[in-house]
Amino acid sequence: MLGGGILKGLAVTARNVVEGFVSKERLTTVQYPEERVPQVEATRDFPFLVFDGEDPMAGLRCVACQICEKECPPKCIYIDKSSDKKPDATGKPQFYPARFDIDISVCMSCQICVEVCPFEAIKMDVEFELSTNDRFDDLLYDKHKLAKSNEYYNHVHPTEAAAVDTKLAVERAKAAARAAAAAQPKPAAVSPAPESGAQA
Amino acid sequence: MSSIQLADQIFVLLKHWLVGRVPVSLQPVVGILITVIPIICVFPALFAITTILERKGLGRIQNRYGPNRTGPFGILQPLADGVKALTKEDIVPANADKVVHFFAPVVLVMLVFLAYAVLPMGRNMAAVDLDCGVLFFFAIGSGTEVAVFMAGWSSRNKYALLGAMRAIAQMISYEIPLILSAVAAIMIAGTLNLQQIVTQQAGYSGIFPHWYVFTPWGFAAFLLFIISATAESNRSPFDLPEGESEIIAGYYIEYSGFKFALFFLGEYLGMFSISAIAITLFLGGWAAPFSFLTWVPSWLWFFAKLVTMILCFIWVRGTLPRLRQDQLMNFAWKFMLPMALVVLTSAACWRYTEGWQRWAISFLVVIIPYSWLGHGMMSNRKLEQRKYRFAE
Amino acid sequence: MNTELLGVPPDTITRREVIYDQEGETLEISMGPHHPSTHGVFRMDVRLEGERIVRLKPVIGYLHRNHEKIAEGTTYLGSIPYTDRLDYFCSLTNNWAYCMAVEQLAGFEVPDRAQYLRVILSELTRLQNHASAVGFLVQDMGASGTPIMYAFREREKILDLFEALTGSRMMCNYMRFGGCRVDLPAGWIDQLKALMKTLPAFLEEFEKLLVSNEILMARTQGVGVLSAKLAVNAGVTGPMLRATGVNYDLRKVDGYGFYPRFEFKVPLGEHGDVYDRYMIRVLEMRESVKILNQAIEQLPEGPIIDPKAKLRGFRPKPGESYGRLEAPKGELGFYLISDGSPNPYRYRVRPPSFVNLTILEDMCLGANIADAVIILGSVDIVLGEVDR
Amino acid sequence: MNLSFLIPAIILLVGAAAANMLRNLVHCVLALTLAFAGFALLYFGLGAEFLGLVQLLVYVGAVAILIAFTVLLTGGGTAGEQTVLSPRWLQGFLLAGAMFLLLGYGISKSRFTAHAATSVRSYPVSLIGDALITSYALPLEMLGVLLTVATIGGVVLAIREPRQASQSVKVDQ
């Protein structure tokens, strides 16, 4: 009979109104600034640079190999390689980024940079409240703003960071063993490597 | 006078008392002012409440909270909206007919307010106790079409013109079933005076009232009236004139700021007044729904019924998609009009029969044409739920 | 496409000749690009007689972003995030189609677990795309947002799953040539199982709300009729083609991925009108739930990416390939020519929305302006894919 | 001459004059609507509520809109400004003057005039209704038939062969 389907629809909406008051399943809204949904571990938005140890600039894992700069699909990473080498967290002398800028107004959060980085130096952040007053300068992040500690990385992506740490520890132990083996004949070159390796 | 009567008549007594305070020569003017000012305060306030109610209600229907940031639970939202509307830039298109463009919302709101003159909002509470109040209401209501035409034409916008055409065609078409279904009630009541129509329904059998909606013809007439009223006040599912997804905002697409707010106000006030007429004609006006509740002041009942009607409008709006222009017209002329005539016949049968027979006869007179027409409407266009075949 | 297989004579080209009315009696309006129901920045130049459409000219290109040319200058890996942004409702099927093309080029073997994951994700994508497409369609009819909010309520749950797995709700960037990027996090399958329990109830409710609604039937039945012949000739695919009654679903025809391992049916329409397109989507959602339930049961353990697959500095040998699959909106294809360099020599997308949109005028002529809106809605376009 | 006569009379006259003299046809229609409303107010002033309301319902609600649509559909709304005096203004004036004289003569000779001052009282609507379906039943029915015939005529005039919308698309192979 004409009107039956309409009544059925009205019943559905009425049910939704009533159940919205009792069931969280129906009324799924989260009142954002006061309430927040729990952080999902895999979430990503913009990249940051991981550093080991205390000093952000000294501990950067990035060696300015510029792979991410080349692979970045929207080309939003700008790296200037340093002309000199500085010891990294493991004490090995490495190049370091004299400039490492990411224009996050261009970045599309694809995490290709993370995948291609052979040094586990760049990772995805979860911080999303990034509004600023200046859409040019404030959205061009330099290496000081990008550098975040390994502890922070462990905090936001625990599972992934643990795997990375294990992998790095294994690699560093291997490197240390190789260095030690290589250092046997020439003990002069060894000095700081084992300690900082243990530190990391 | 008992306290119940005092509560019931408090506004009437207050008015008399206030009028009695002023010199005799000023009494007619003051009397008019005291009657008019509450109307133009209360109903816009109700409009403000309805906007928040509608947004909240739609939100709840859609599993959302609705506005809840301005003030506790968002109750100050209408205030914020009002301030926004007042402070917004008033944009008039360069090509618009400026005078007509300005007067369209003014005429609309003026006419809509005029219609409130005859509404009985409680026992002895009507601004004017007009002998042909129903007719007055419809006559004033038909004037709003002029305002809509003015708005649509003066904007010099194709969407506005389309919207105005739709609106006027729709309003003229649905006025006929609207008035015809009201005629059924008028015929039984035997008067065009709204106060008298209410008093005719204010009796009780046992605890149940004699409202017209509780008779077969009255129920059908009420439904027809409400459907037509929905169309007349351009509410969903008949909101084609402003059909947001098709012609964006229809005839008020080129209005902004306070003029837009006036249109909005006019639209809602129109909805209130037509709901009030529906209440008066079929739902016993200010009469209590049960005999043991007659101690509640009559004006409270009126507003309670009004708010209930508004909630129903919101509910329907939250559920139904919109009809198309030709379907709307078909529905008006091929279903609503014949049904209104059938209801008129049914009411006549009710008038001239007695006892259980009047129930049976008037019920059958309504239900048989309804099922026939309804079936015809569906099968005519082969509307059906389809069965689908599946490929492996 | 073998047209004889479809029971349609192999026609060549369809030409259209539209007789226009005299200019004086008609009203030309421009719907869009800033129109609430053109699903993005799409414009229809409509010529009306009264409210009847006598001419409709779709105007596209407002969202053109040079996708294909950019991809020709980007590495094979770097194009994957761009494919997310084609049809931003279904980033995972876009990923899959692109990866399928690259896998054909390079000859990678996708491990079993990755195949299952791809099927699961692609069916989830189909579910959320159809739910929101149907919701938008009813929204275009003016249902003040209720169906779309219900659809989005369920879609959010699927997007939550996407986020938990891929890190992003819409721009998933999950599949890689040779497999998938990361394995399932702990508890993901349980979450999916729980969702599969509640989803049928939602579909039921959605149908109750709308399917038997007289207004919806009146608005959609017999509106925007598309004949099977015209659909096949124009290259229309997906639910739109199946609504005309042509049994053509790449999941069955090509049997790509592990689809032949699953039991599901392909709903077919009869009239080819808006109601059929709407119902086909509703029914396909039920079939997707079926596939998902089977896939959850069968999901094997194992690696998720071909060990041969090399992402960085990937240079396939010269050649060409065409990877296609049944995206929620129709046949999505990626055509690649490699010249052995790290970038494709030619990169071409066959976007289903764009091809389905080409017959918009044929469906709209003679219809009411209000119908044009829902016919457009029933095509289910995403402008990111139309304009590329 | 009291206010309740003066105000409607001014509205009526201003509306009528504007309807004649405005240069945009749609403005003229709106002015005419105003004049119709003035008429209704005059009826109210005379105590003929029912007549006034019917005037509003029919003339303002329907006839004015009808004229407005006619103007729009025949392109009058966009035809640009018209001159105030038409080329045949003299004939118009003569015709109007003749009409005025005729009406004036008729009214002055009418026997109603003597009672006009005393007859200002409102009649209940039910009396009008009774009169309409008893003593004036036949004229009422005839009016109804006339309107029906007019409606059918209008439909016949307005109906067009439905243009073959679907055939305007030719699919060649």
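Numbered from 1 within each chain, the chains take letters A, B, ... in sequence-line order. Any value given below was found using the heavy atoms of this structure, including those in side chains, with hydrogens, waters and symmetry copies removed.
- Within a 6.0 Å sphere centred on CG of D:Asp130, heavy atoms belonging to other residues, nucleotides or ligands number more than 12.
- Among residues 96-115 of chain B, the residues having any heavy atom closer than 4.5 Å to a heavy atom of chain D are, in sequence order, B:Asp97, B:Val100.
- Residue B:Tyr159 places its OH atom among more than 12 non-hydrogen atoms of other residues, nucleotides or ligands, all under 6.0 Å distant.
- A salt bridge (Lys or Arg N to Asp or Glu O under 4.0 Å) check over residues 159-174 of chain B, counting only residues at least two apart or in different chains, returns the pairs B:Arg166-B:Glu246, B:Arg166-C:Glu51.
- Chosen from D:Val58, D:Leu30, D:Leu56, D:Leu53, the residue pairing most often with chain B at heavy-atom distances under 4.5 Å is D:Leu53.
- Within residues 135-150 of chain B, the residues having any heavy atom under 4.5 Å from a heavy atom of chain D are, by residue number, B:Leu135, B:Phe136, B:Phe138, B:Ala139, B:Ile140, B:Ser142, B:Gly143, B:Glu145, B:Val146, B:Phe149, B:Met150.
- Per-residue heavy-atom pair counts under 4.5 Å with chain D were compared for B:Glu175, B:Met165, B:Met171, and the maximum is reached by B:Met165.
- Partners of B:Asp326 under the salt bridge (charged side-chain N to carboxylate O under 4.0 Å, His left out) rule, at least two apart in sequence or in another chain, are B:Arg324.
- Atom CZ of D:Phe39 sits in a sparse spot, with 12 or fewer heavy atoms from other residues, nucleotides or ligands closer than 6.0 Å.
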